[in-house]
K.L.:
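Before anything else, here's the structure in question.
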Amino acid sequence: MITTTLGIEGMACSMCEAHVNDAIRRNFSVKKVKSNRRKKSCVVVSEEPLDEARVRAVITELGYDLVSYSC
């Protein structure tokens with residue numbers, strides 16, 4: 001399993017977290033995803049590495065900023 005941590009700016013409430021989680025689930029094959037607005041992060045567990053450019057596009061489309069990507 002691969003754990004990817006995304007730094008995301010702009011999440012303000014629990015609905016923002018849910019929007020990010022849902023978008024990640026829709027666009028990638030993941031085992032687990034959990035966003036945290038207070039930590040400004042999203043942790044994704046998947047079997048395959050996530051394509052950083054595609055992650056950035058998905059997050060940007062939602063109106064948030066991807067500020068870091070680490071696996």
K.L.:
Taking the side chain as everything from C-beta on, heavy atoms only, tell me whether Val33 gets closer than 4.5 Å to Cys42.
P.N.:
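A side-chain contact under 4.5 Å exists here.
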K.L.:
Return all side-chain donor-acceptor pairs below 3.5 angstrom for residues 60-71, not counting sequence neighbours, or 'none' if the list is empty.
P.N.:
from: Thr60; atom 1: OG1; to: Arg56; atom 2: O; distance (Å): 2.8
from: Ser68; atom 1: OG; to: Gly7; atom 2: N; distance (Å): 3.2
from: Tyr69; atom 1: OH; to: Leu50; atom 2: O; distance (Å): 2.5

K.L.:
To the nearest 0.5 angstrom, please state how far the NZ atom of Lys34 sits from the CG atom of Asn21.
P.N.:
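Here the rounded value is 8.0 Å.
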K.L.:
Going through the checks in order, is the side-chain contact (heavy atoms from CB on, under 4.5 Å) test met by Val20 and Val58?
P.N.:
CA-CA 9 Å; Val20 170; Val58 167; over 6 Å; no
K.L.:
Taking only residues two or more places apart in sequence, or in another chain, which ones meet Asp22 in a salt bridge (Lys or Arg N to Asp or Glu O under 4.0 Å)?
P.N.:
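Arg25.
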K.L.:
If you group Ile, Leu, Val, Met, Phe, Trp and Tyr whenever their side-chain heavy atoms sit less than 4.5 Å apart, what else falls in with Met1?
P.N.:
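Met1 clusters with Val45.
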K.L.:
Please identify each residue that fulfils salt bridge (Lys or Arg N to Asp or Glu O under 4.0 Å) with Lys32, with sequence neighbours left out.
P.N.:
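Salt bridge (Lys or Arg N to Asp or Glu O under 4.0 Å) check on Lys32 returns nothing, list empty.
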K.L.:
So which heavy atom on Arg37 is nearest to which on Glu17, and how close?
P.N.:
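Between these two residues, the closest heavy atoms are N-OE2, 2.8 Å.
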K.L.:
Which residues pass the salt bridge (Lys or Arg N to Asp or Glu O under 4.0 Å) test with Arg54, sequence neighbours left out?
P.N.:
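Arg54: no salt bridge (Lys or Arg N to Asp or Glu O under 4.0 Å) contacts found.
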K.L.:
Report yes if the side chains of Val55 and Val44 come closer than 4.5 Å at any heavy-atom pair, otherwise no.
P.N.:
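No. Closest side-chain heavy atoms not under 4.5 Å.
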K.L.:
At what distance, to the nearest 0.5 angstrom, does CD1 of Ile59 lie from CG of Leu6?
P.N.:
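Going from CD1 on Ile59 over to CG on Leu6, the span is 6.0 Å.
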K.L.:
Within this structure, what is the OG-CD1 distance for the pair Ser35 and Ile24, rounded to the nearest 0.5 Å?
P.N.:
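So the gap between those two atoms works out to 7.0 Å.
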K.L.:
Go through the structure and list residues passing side chain to side chain donor-acceptor pair (under 3.5 Å) with Lys31, not counting sequence neighbours.
P.N.:
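Checked Lys31 against side chain to side chain donor-acceptor pair (under 3.5 Å); matches are Glu47.
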K.L.:
Do Asn36 and Ser41 meet the criterion of a side-chain donor-acceptor pair at a distance under 3.5 Å?
P.N.:
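No pair is found: no donor N or O on one side chain lies under 3.5 Å from an acceptor on the other.
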